[in-house]
Novice: 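Just dropping this structure here.
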Amino acid sequence: MLQLITILNRCHRFPGFVYQQARFSSDHKSIEIAVRPRKGSKAVCSRCHQPAPGYDQLSERRFEFIPFWGFLVFLLYSMRRVDCRSCQAVVVEEVPWGDGKRTLTRAYMLFLARWARRLSWKETAEAFRTSWEKVFDAVEHVVTFGLEHRVLGQVDAIGVDEIQYAKGHKYLTLVYQIDIGITRLLWIGKERTIESFQGFFTAMGKDVISKIVFVCSDMWEPYLKLIRENCSEALHILDRFHIVANMNKALDQVRAEETGRMKREGRAPVLKKSRWLLLRHSENLGSDQRFRLRDLLRYNLKTVRAYLLKEAFQQLWEYSSPAWAGKFLDEWCRQTMRSRIEPMKKIARSLRNHRELILNYFRAQKLLSSGVVEGLNNKAKVTMRKSYGFRTYRVLELALYHSLGKLPEPESTHDFF
Ligand SMILES: [Zn+2]
């Protein structure tokens, strides 16, 4: 087992400590490596991070290291306590391989956290014969480090989005940086309220906020108000993704109401299973679906008329001039207001009210990569699905920062893979 200690000294060496001896556990399922302080080296106070005279020694602790060839690996070490003069207290020492709170070594936490970005947390725990809770600890450690050490720098553009994370209208507010060069998750707010969104501006600080040039969001009034107040200089854009999403919601509402009414009146269920047919962009339908859609469009139904209005609206995004886009928008709203389809009329009213913010989309078109908020929203949804297990706010917060935050990682003595 001398060789194992040689390897450890190569990849996981810390001045002040030596690997003493490696042995199998009694059941031969794990390897235990005894660690001791190097002779003459002083313990470091975990509170002030300065060397301090020794006080006593605690009983042996086990620190979980990266598994090796099918064996769990533990470092065994008896922590010293120091009598720290500057802290005027007896304090447990700081060890470079652990973070003081958790039983996993830093190296193993970074290792697990990297895998937890590719696999679900449950899969990660299973793959490395550890528990879901330890994967949680690992991600928490890495994300906490990342948030403390990230550099915000200049943020030109942000996108505000919300995402439902549990039944009963539980939403998170997500703020992304959507600069051409860098897209990342900047901030997560619990709930979708004025107070929670105000937390973003407070957390980022005036220095970062005042330099923002573009803000993309949906039409939710409290967002609009806070953005006006905090980023008065920025160009506020209602982006395509949110407008299309609202329109799909309206169409879905029309379809659901009409389906119910037809059922009550005993009419043929022509709208059955039409939901995805109508919500999806017609270009993305297969030939069977396209045939069904053509069939459906022959009926004189509110749903069909709402669908045609939605499809006609798509043309808006092809304009490059704000003036022509504005003319198209006005004409679409006029037609829709005459449609007698209430959910669509509501959309038209809202679009009219936010006309200038929508046209900002065309004013900023060449400066922003459109569709970026949509892409991040999809990624966030995938992340939420992968971190299943315990759907608490804290779990989601960590999982989202971990996969979308592009956070810096703790330094490592070796690139374990
Ligand atoms: Zn101290």
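None of these values were measured; they are calculated from a predicted model. Counting convention: from 1, in listed order, for ligands and their atoms alike.
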Novice: Can you see whether Ser217 engages His242 through a side-chain donor-acceptor pair at a distance of less than 3.5 angstrom?
Specialist: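 Checked: Ser217/His242 side chains show no N/O donor-acceptor pair below 3.5 Å.
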Novice: Strictly below 4.0 Å, N to O, side chains only: are Lys101 and Asp137 in salt-bridge contact?
Specialist: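 No salt bridge links Lys101 with Asp137.
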Novice: When the ring centroid of Trp324 is compared with that of Phe362, is the distance short of 6.0 Å?
Specialist: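 Aromatic pair excluded; centres sit 6.0 Å or further apart.
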Novice: Assess whether a salt bridge exists between Lys302 and Glu258, defined as any Lys/Arg side-chain N lying under 4.0 Å from an Asp/Glu carboxylate O.
Specialist: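 A salt bridge is absent here (no side-chain N lies under 4.0 Å from a carboxylate O).
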Novice: Near the Zn ion (ligand 1), which protein N/O/S atoms are found at less than 2.8 Å?
Specialist: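 Per the 2.8 Å query on the Zn ion (ligand 1), atoms found are Cys45 SG, Cys48 SG, Cys84 SG, Cys87 SG.
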Novice: Going by side-chain contact (heavy atoms from CB on, under 4.5 Å), name the residues that satisfy it together with Thr105, two or more places apart in sequence or in a different chain.
Specialist: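 Thr105 satisfies side-chain contact (heavy atoms from CB on, under 4.5 Å) with Phe63, Phe65, Leu75, Trp97, Ala107, Tyr108 once adjacent residues are dropped.
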Novice: So Tyr319 and Phe328, would you call those rings parallel, tilted or perpendicular, with 30° and 60° as cut-offs?
Specialist: tilted
